[in-house]
Amino acid sequence: MTLASIEKVPPRTVAEVVVANIVDREGMIDRVEIAGPGYVNFFLKKSYWTSVLKDAAGMGDGYGQADIGEGKSVQVEFLSANPTGPLHIGHGRVAAFGDSLANLLKAAGYNVQKEYYINDVGNQMETLGRSTYIRYKQMFDPGIPFIQDGYKGNYIRDIAQEIITDAKDRYLHLPEEEAIPFFIEYSKNNILNGIRKDLEDFGVLFNNWFSEKSLYDSGEVEGVLKALKEKGYLYESEGALWLNTTLFGDDKDRVLVRSTGQKTYFAPDIAYHQNKFKRGFHLIVDIWGADHHGYEPRMRAGVQCLGYPEKNLKVILVQLVALLREGKPVSMSTRSAEFVTLREVLDEVGKDAARFMFLTRRPDSHLDFDLDLVKKESSENPVYYVEYAHARIVNIFRQAEARGIPEPSLSDVDLSLLDLPEEIKMMKLIALYPEVIESSALALEPHRITFYLQDLATALHNYYFHHRVITEDRRLTEARLILMRGVMQVLRSALAILGIRAPERM
RNA sequence: GCGGCUGUAGCUCAGUAGGAUAGAGCAAGUGACUUCUAAUCACUAGGUCGCAGGUUCGAUUCCUGCCAGCCGCGCCA
């Protein structure tokens with residue numbers, strides 16, 4: 001239809017010319033039809049679909065793996081929540097997204113590294129340590145007032161209690177300035193361990209935990225400042241040191257060193273990105289909460305100031321999660337301790353349902369997470385629909401085995417016996433899977449896998465309800481078992497990308 | 001005020017490199033289990049794709065303006 005306007009002939013005429021010139025070297029085309037205003041529809045022979053099924057059933061986990069990545073290395077940095085409190089539900093969305101994206105890129109042939117950046121420097125660490133310190137002192141003298149901007153969550157009391165169990169009143173007798181560093185370190189480690197545990201139970205394992213403090217210790221922060229100065233991008237004003245980010249499209253210049261002499265968080269962040277580039281990643285993916293979107297232009301500018309190509313930096317913003325309880329919004333703030341933790345969601349809803357929930361939405365869609373609703377729908381949650389499809393197939397194989405029908409070898413099964421529309425439908429979906437992997441990876445959109453899975457599960461349930469795999473006809477049964485093998489293989493592979501289990505029975 | 005994201009069925013959401021009759025789940029209604037698992041299946045109903053212009057043979061998709069919601073706009077992180 002695009003050609004039609006260039007050639008100035010009706011689109012159907014163009015279609016006729018195209019159809020007349022089709023060469024079918026592999027003999028896979030059954031027929032071609034021109035439809036509507038000028039669409040050309042290709043109908044492929046059944047032998048093509050059965051040959052794809054043979055591939056899928058034979059290749060095992062390798063089926064669907066793409067090679068668009070060509071082994072290039074990608075780093076996906078995500079979550080990187082400040083170690084000042086437990087992960088909450090919003091973190092869960094970012095974690096599910098980042099982890100699945102990494103799995104997806106792996107399936108598409110990239111060499112992927114998952115990294116968590118620990119903000120273990122700065123005022124918030126100070127506040128954290130002081131919060132625990134005061135709670136500790138309050139255990140001995142409840143009259144001591146809490147600090148104004150301290151972290152109010154109960155987990156701070158728990159940490160203080162732990163310290164008392166260990167050290168009794170030892171820190172009570174130290175001058176405050178000597179005690180605080182211990183409280184900072186202890187609280188940070190305690191909270192990080194909790195975060196690690198929560199993520200592990202959520203199915204998220206990082207390859208690397210990168211400490212912000214290490215950038216100071218190694219001199220990289222100073223080094224970056226020096227490099228930027230030599231390149232002439234730094235200037236002093238009002239006693240502070242500024243980076244000329246407006247040169248690269250930011251709407252104002254940014255402070256790197258405050259007039260107090262303290263560095264802003266932006267300085268180590270540039271050093272961090274330099275460090276990433278130096279590690280040789282072909283692509284660097286930063287996944288942030290959408291509340292940080294204003295930060296992207298300055299980060300891009302910082303990268304360009306150092307002379308790195310900003311096109312190798314991809315920033316994905318994940319919209320925040322608005323939490324509802326019985327339809328009413330609940331405000332969330334780590335400091336005020338009003339939040340639902342990821343742990344609570346894991347305990348109440350489960351890892352699979354939570355991950356699926358997060359992954360059925362585009363990262364830039366706003367998400368209302370109604371706890372009561374998710375709990376209520378738990379048995380009707382689409383995740384179980386997909387898992388059930390897998391469990392049903394496994395059960396068929398159990399039944400077949402019990403009846404003495406072993407899974408046939410691919411070489412002597414006659415797949416041309418698969419003739420039902422429902423069977424063709426499943427073969428087409430299996431054939432689509434590699435394309436889904438490729439396009440999802442290119443778009444960096446793991447949620448497409450979720451929707452594909454629901455389509456595949458629908459096809460399976462529909463088939464299962466109307467037909468039987470194990471029949472009196474041995475040859476037909478064998479062909480159908482291979483079809484089930486193919487569907488099961490794809491279900492497993494796709495669920496693995498989402499980080500959701502494929503249960504053997506339900 | 002400026003910027004980002006979003007607005008599609010009663011609800012929660014897919015879908016657009018511009019193209020055929022806009023899809024799914026839930027909720028609603030009607031049906032289906034002596035069979036390999038009913039956490040399932042079939043059918044029905046449900047839409048001015050936020051509003052108004054523009055570009056185009058053709059716009060839910062691209063452009064402009066407006067409206068609504070959320071989020072940013074520090075020498076905080």
Side-chain angles (χ1 to χ4, degrees), chain A residues 1-2 4-5 10-11 35-39 41 80-82 84 119 121-125 127 149 212 237-242 251-266 268-269 289-297 317-322 327 329 334-335 357 360-370 373-374 376-389 391-403 405 443 445 447-448 450-452 454-455 457-458 460-471 477 480-481 484 503 505-506:
Chain A
M1 281 173 277
T2 307
S5 58
Y39 294 98
N41 291 330
S80 303
N82 295 333
T84 54
N119 295 106
V121 180
N123 288 334
Q124 46 166 4
M125 285 294 104
T127 304
D149 287 324
E212 176 183 0
S237 175
E238 298 166 56
L241 197 58
W242 298 69
D251 50 9
K252 59 180 94 161
D253 290 341
R254 306 292 171 175
V255 170
L256 288 179
V257 183
R258 290 182 248 162
S259 51
T260 60
Q262 274 184 303
K263 287 162 190 78
T264 63
Y265 53 91
F266 188 36
D269 276 354
D291 53 340
H292 287 70
H293 75 87
Y295 195 59
E296 183 176 349
L317 301 168
V318 179
Q319 285 297 325
L320 306 180
V321 176
T334 305
R335 207 156 281 197
M357 172 87 180
T360 41
R361 283 155 174 81
R362 281 171 22 238
D364 50 9
S365 77
H366 301 266
L367 168 58
D368 290 339
F369 198 101
D370 192 320
L373 206 70
V374 173
K376 215 182 297 171
E377 284 181 359
S378 63
S379 65
E380 290 157 358
N381 193 305
V383 71
Y384 301 114
Y385 183 83
V386 175
E387 291 186 346
Y388 189 47
R392 275 185 147 172
I393 295 177
V394 172
N395 192 57
I396 290 172
F397 281 107
R398 261 197 300 268
Q399 285 295 327
E401 206 186 328
R403 297 178 196 199
I405 308 168
E445 291 183 349
H447 74 274
R448 297 187 189 197
T450 322
F451 286 90
Y452 169 80
Q454 292 183 74
D455 287 346
T458 297
L460 184 278
H461 286 309
N462 178 292
Y463 177 65
Y464 185 95
F465 188 83
H466 294 287
H467 307 284
R468 301 181 60 76
V469 170
I470 300 167
T471 64
T477 299
R480 289 182 171 176
L481 282 174
M484 289 302 102
R505 60 179 85 229
M506 288 174 74

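Using a 4.0 Å heavy-atom cutoff across all strands shown, A:Y385 reaches sugar-phosphate atoms only and no base atom. When heavy atoms are screened at a 4.0 angstrom cut-off, A:R403 is found touching the sugar-phosphate backbone but no base atom. A:A322 comes within 4.0 angstrom of nothing in the nucleic acid, heavy atoms only. Heavy atoms of A:E387 sit nowhere under 4.0 angstrom from any nucleic acid atom. Among the heavy atoms of the strands lying under 4.0 Å from A:H466 are primed sugar atoms or P, OP1, OP2 only; no base atom is included.
In this model, a side-chain donor or acceptor of A:N41 finds a partner on the base of B:A20 within 3.5 Å. The base of B:C75 lies close enough to the side chain of A:S259 for a donor and an acceptor atom to sit less than 3.5 Å apart. A donor N or O paired with an acceptor N or O is found under 3.5 Å between the base of B:A77 and the side-chain atoms of A:Y265.
Residues meeting the ring-ring contact (aromatic ring centres under 6.0 Å, His included) test with A:F451, sequence neighbours left out: none. Evaluation of the side-chain contact (heavy atoms from CB on, under 4.5 Å) rule for A:Y385 yields A:A457, A:T458, A:H461 as partners, not counting sequence neighbours. Residues satisfying the side-chain contact (heavy atoms from CB on, under 4.5 Å) test with A:V121, not counting sequence neighbours, are A:E212, A:K213, A:Y216. Residues satisfying the ring-ring contact (aromatic ring centres under 6.0 Å, His included) test with A:F465, not counting sequence neighbours, are none. Judged as a side chain to side chain donor-acceptor pair (under 3.5 Å), and not counting sequence neighbours, A:H466 has no contacts. Checked against side chain to side chain donor-acceptor pair (under 3.5 Å), A:S80 has the following partners two or more places apart in sequence or in another chain: A:E77. Not counting sequence neighbours, the partners of A:D251 by the side chain to side chain donor-acceptor pair (under 3.5 Å) test are A:R254. The side-chain contact (heavy atoms from CB on, under 4.5 Å) check on A:Q319 picks up A:R93, A:A290, A:H366, with sequence neighbours excluded. For A:N82, the side-chain contact (heavy atoms from CB on, under 4.5 Å) test picks out A:T84, A:N119, A:Q124, with sequence neighbours left out.
Within the structure, every side-chain polar atom (N or O) of A:R448 is placed at least 4.0 Å from both OP1 and OP2 of B:A24. Distances shorter than 4.0 Å separate some side-chain N or O of A:K252 from OP1 or OP2 on B:G74. In this structure, A:R392 reaches the B:A38 phosphate: one of its side-chain N or O atoms is under 4.0 Å from OP1 or OP2. Residue A:N462 places at least one side-chain N or O closer than 4.0 Å to OP1 or OP2 of B:A42. Taking 4.0 angstrom as the limit, A:Y388 places a side-chain polar atom (N or O) nearer than this to OP1 or OP2 of B:A39.
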Check nucleotides 30-32 of chain B for protein N or O atoms closer than 3.5 Å to its own N or O atoms and list the pairs.
none

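Separation of the P atoms belonging to B:C26 and B:U40 is 8 Å when rounded to the nearest angstrom. Nucleotides B:A17 and B:A27, compared at atom C1', are 36 Å apart to the nearest Å. Distance noted for atom C1' between B:A45 and B:G10: 12 Å (whole Å). Going from the P atom of B:A52 to that of B:U60 covers 12 Å, rounded to whole Å. Here the separation of B:G74 from B:A68, taken at their P atoms, is 24 Å to the nearest Å. Nucleotides B:G46 and B:C11 are separated by 12 Å at their C1' atoms, to the nearest Å. Here the separation of B:G54 from B:G18, taken at their C1' atoms, is 15 Å to the nearest Å. B:A9 sits 37 Å from B:G1 when the C1' atoms are compared, rounded to a whole Å.
A:R258 CZ to A:K263 NZ: the interatomic distance, rounded to the nearest 0.5 Å, is 10.5 Å. We find the CG-CZ distance between A:L481 and A:F397 to be 5.0 Å, quoted to the nearest 0.5 Å.
Ion pairing of A:E401 with A:R398 is absent here, as no side-chain N (NZ or NE/NH1/NH2) approaches a carboxylate O to less than 4.0 Å.
Atoms OH (A:Y384) and P (B:A39) sit 14 Å apart, rounded to a whole Å. Rounded to whole angstrom, the span from the CZ atom of A:F266 across to the C1' atom of B:A77 amounts to 14 Å. When the P atom of B:A77 is taken as reference, atom CZ of A:R254 falls 13 Å away, rounded to whole Å. Per the geometry, NE2 belonging to A:H467 stands 17 Å off P belonging to B:C36, to the nearest Å. Across the protein-nucleic acid pair, A:L460 atom CG and B:A39 atom C1' stand 13 Å apart, rounded to whole Å. When the C1' atom of B:U40 is taken as reference, atom CD1 of A:I396 falls 13 Å away, rounded to whole Å. Atom pair A:D455:CG and B:G15:C1' shows a separation of 12 Å (rounding to whole Å applied). Between A:H292 atom NE2 and B:C70 atom C1' the separation is 16 Å, expressed in whole Å.
No donor-acceptor pair closer than 3.5 Å links the side chain of A:S259 to the backbone N or O of A:A240. Under a 3.5 Å cut-off, the side chain of A:T127 and the backbone N or O of A:N123 do form a donor-acceptor pair.
For A:V469, taking side-chain heavy atoms from C-beta onward, the closest of the listed nucleotides B:A38, B:C75, B:C36 is B:C36. Set against B:A39, B:A77, B:C41, the side chain of A:M506 has B:A39 as its closest nucleotide. The side chain of A:N123 sits closest to B:C76 out of B:A20, B:A39, B:C76. Across B:C75, B:A14, B:U40, the shortest atom-to-atom separation from the side chain of A:F451 is found for B:A14. Among the nucleotides B:U40, B:U35, B:C75, the one closest to any side-chain atom of A:R468 is B:U35.
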Readout for nucleotides 1-12 of chain B: B = base within 4.0 Å of protein heavy atom, S = sugar-phosphate only, - = neither; 5' to 3' it is --BSBS-----S
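If A:A35 and A:G239 are placed on RNA chain B by their nearest nucleotide, the residue sitting closer to the 5' end is A:A35. Comparing A:G294 and A:R258 by the nucleotide of RNA chain B whose heavy atom lies nearest to each, the residue mapping closer to the 5' end is A:G294.
Ring geometry for A:Y295 versus A:H292: interplanar angle over 60°, hence perpendicular rather than tilted (30 to 60°).
Where stacking is scored as ring centres under 5.5 Å apart with planes under 30°, A:Y464 registers as stacked on the base of B:C36.
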How does RNA chain B read in dot-bracket, base by base from 5' to 3', with Watson-Crick or G-U pairs under 3.5 Å and | used when the partner is on another strand? (((((((..((((.....[...)))).(((((.......))))).....(((((..]....))))))))))))....
